[in-house]
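The structure appears below as structure tokens.
Throughout, protein chains are lettered first and strands after them, A, B, ... in sequence-line order, and every chain is numbered starting at 1. Values below: every heavy atom of this structure, side chains too, minus hydrogens, waters and symmetry copies.
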Amino acid sequence: MLDIRLIRENPDRVVERLKTRGKGDEASVARILEVDGLRREVIVEVEKLKAERNAISKEIGGRKSRGEAADDLLAGMKEKSDRIAELDGKQAELDERQRDLLLQVPNLPHADCPLGLDAAANPVVKTFGEKAGFDFEPLDHVALVEKLGLVDFKAGATLSGSGFFVFRGAGARLERALLNFLLDLHTREHGYTEIFPPFLVRESCMVGTGQLPKFREDMYHLEGEDLFLAPTAEVPVTNLHREEILAREQLPIKYAAYTPCFRREAGSAGRDNRGMIRVHQFDKVELVKIVEPEKSYQELEILRSHAERVLELLGLHYRTIELCSGDMGFGAAKCYDIEVWAAGSKSYLEVSSCSNFEDFQARRMNLRYKTEDKKNVFCHTLNGSGTALPRLFVALVENGQQADGSIRLPAVLHSYFGAGEIR
RNA sequence: GGAGCGGUGGCUGAGUGGUCUAAAGCGACGGUUUGCUAAACCGUUGUAGGGUAAAACCUACCGGAGGUUCGAAUCCUCUCCGCUCCGCCA
């Protein structure tokens, strides 16, 4: 959520920055300012009336306690109170309208963010390794996992519908091995505190991290209960500190959490619907940071390096791209995507998205810290996948395949998996 | 699911309709005194919004939302959260 004062004081700058996203969001700035103006007019009037009422009530109290009559003061008070109630109602309505509008406005892209309207304008900022070479035609993961019995797509469809799958045998074991590897890496070597949160969260948490109110149709919602299935651990983990004022010494806070992620993927029917690339439930280890504002961009670079390290340890070729203004997610001010090469699919798969939200989420969830000079200031929040699993699984399977159909695993996984290859 | 008890400032905790401008204590911060520390004494001490050139100042906030009243921390209704016990349960 943007600061209403920023919009009030620098509307032109806000409009100019929102335009770089290319989604027409700047149109709401004028409406927000209009509501804000009306709102402040009402506030000035109602507070003046309240001050008068308070003064008269106090005088009435004083007289009554001395046993004096106060009828002259009581006259007209009822009308005054009714008018106050009326204006209070009007103000509440305007407050709500203003908040509704503000919650729909995306974050302002950072000044460094490359300008552009879609993925074509995203610069590659780093590449690691090279595409694996094969002296045979590599298969894609669907063929490989079915041949080896690692994943059962049909069973997933039977149980839950399309977009769900079942790991079996060595496939399930590899998934579990990867989770352990990732959590160990981030907690032991990168200094994150492990969190295992609830997978169901309140609406207020979904608003806090920015999924709601705008993206409701992408979320699973429980019938009869006001709970949502978390689409990412970002939601429960970042909201761990909602409505808090943290001590400066607590920062930076660094959390790593495994959760399954639930996404309806409404509107993307037919896209990537083969295999495990785009599914309704998948596993992910997420990294979340809560930091001081001055340090958030430096923390973003570190966060990104932690996600990249996963692929480097696994020996997987990847590229990191910087998202341009028009391709960034709703809450991000700056964002990197990390894409791993999958030799069978012959494509780069997004396995991590590392974002700095600045104070966008913190303002929504009222997450602050006390500065050295005792001011309460919104924290900056960041998160990045470290990493998403099914696509990592795909890359390992496709890049590790051998001519006989077996799969060779990177050395760091051997102890986790209990073997060096799957056959 | 049932019954009961609670929710007040950074913390403890008083407060059953009118100077509540929320007592008192603790803590924290500043000061005086002091060889140093401690003690003692004095003072300060929340959040948000509005307002102003800046101030002054004003408003709201006692879990949340409504209501009663000229006036609500206090009375009423609903609700959320916590704790205890019972039932059920992996």
Could you measure between the two [atom1] atoms, the one in [N] and the one in [M], and give it in whole Å?
N     : M     : atom1 : value
B:A53 : B:A65 : P     : 33 Å
B:A14 : B:U8  : C1'   : 10 Å
B:A39 : B:U47 : C1'   : 35 Å
B:A60 : B:C26 : C1'   : 28 Å
B:U59 : B:A73 : P     : 14 Å
B:G15 : B:G51 : P     : 40 Å
B:A24 : B:U77 : C1'   : 34 Å
B:G10 : B:G6  : P     : 24 Å

Whole angstrom is fine here: how far is it from [atom1] in [X] over to [atom2] in [N]?
X        : N     : atom1 : atom2 : answer
A:Ile245 : B:U45 : CD1   : C1'   : 15 Å
A:Leu94  : B:G49 : CG    : P     : 17 Å
A:Lys370 : B:A28 : NZ    : P     : 16 Å
A:Asp88  : B:G50 : CG    : P     : 16 Å
A:Glu41  : B:G50 : CD    : C1'   : 13 Å
A:Leu367 : B:A48 : CG    : P     : 14 Å
A:Arg63  : B:G17 : CZ    : P     : 23 Å
A:Glu45  : B:G51 : CD    : C1'   : 15 Å

Side chains of [X] and [Y] in contact at under 4.5 Å (non-hydrogen atoms):
X        : Y        : value
A:Glu421 : A:Leu409 : no
A:Tyr336 : A:Leu300 : yes
A:Pro231 : A:Met206 : yes

*If the plane angle is over 60° it's perpendicular, under 30° parallel, otherwise tilted; pick one for A:His221 and A:Phe228.*
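The rings of A:His221 and A:Phe228 sit tilted, inter-plane angle from 30° to 60°.
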*In terms of the angle between their ring planes, are A:Phe167 and A:Phe165 parallel, tilted or perpendicular, with boundaries placed at 30° and 60°?*
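The rings of A:Phe167 and A:Phe165 stand perpendicular, inter-plane angle above 60°.
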*For A:Ile56 and for A:Asp36, find the nucleotide of RNA chain B with the closest heavy atom, then tell me which residue's nucleotide is more 5'.*
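The residue closer to the strand's 5' end, by nearest nucleotide, is A:Ile56.
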*Would you call A:Glu52 and A:Lys80 a salt bridge, taking side-chain N to carboxylate O under 4.0 Å as the test?*
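A salt bridge links A:Glu52 with A:Lys80.
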*asked:* How about CZ on A:Arg31, more than 12 heavy atoms from neighbouring residues, nucleotides or ligands closer than 6.0 Å, or not?
replied: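 12 or below, so no.
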*Using a cut-off of 6.0 Å, state whether more than 12 heavy atoms not belonging to A:Arg202 lie near its atom CZ.*
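No, the 6.0 Å shell around CZ holds no more than 12 heavy atoms from other groups.
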*Looking across every strand, which nucleic acid part, if any, lies under 4.0 Å from A:Arg363 by heavy atom: base, sugar-phosphate, or nothing?*
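If one applies the 4.0 Å heavy-atom cut-off, A:Arg363 turns out to touch nothing in the nucleic acid.
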_Does a side-chain N or O of A:Arg5 approach OP1 or OP2 of B:A48 to a distance below 4.0 Å, or not?_
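Checking A:Arg5 against B:A48: no side-chain N or O falls below 4.0 Å of OP1 or OP2.
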*Aromatic contact, A:Phe378 with A:Tyr369 (centres under 6.0 Å)*: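 No, too far apart.
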Enumerate, atom names and distances included, each donor-acceptor pair closer than 3.5 Å involving a side-chain atom of residues 241-248 of chain A, sequence neighbours excluded.
from	atom 1	to	atom 2	distance (Å)
A:His241	ND1	A:Glu244	OE1	3.1
A:His241	NE2	A:Tyr255	OH	2.7
A:Arg242	NH1	A:Ser204	O	3.1
A:Arg242	NH1	A:Asn239	OD1	2.7
A:Glu243	OE1	A:Asn366	ND2	3.4

*Can you give the dot-bracket line for RNA chain B, using ( ) for pairs inside the strand, [ ] for pairs that cross earlier ones, | for pairs with another strand and . for unpaired bases, where Watson-Crick and G-U count if both distances are under 3.5 Å?*
(((((((..(((.....[.....)))((((((.......))))))(((((......))))).(((((..]....))))))))))))....
*Letter per nucleotide, 5' to 3', of nucleotides 55-79 of chain B [B base touched, S only sugar-phosphate touched, - untouched; heavy atoms, 4.0 Å]*: ---BBS---------BS--------
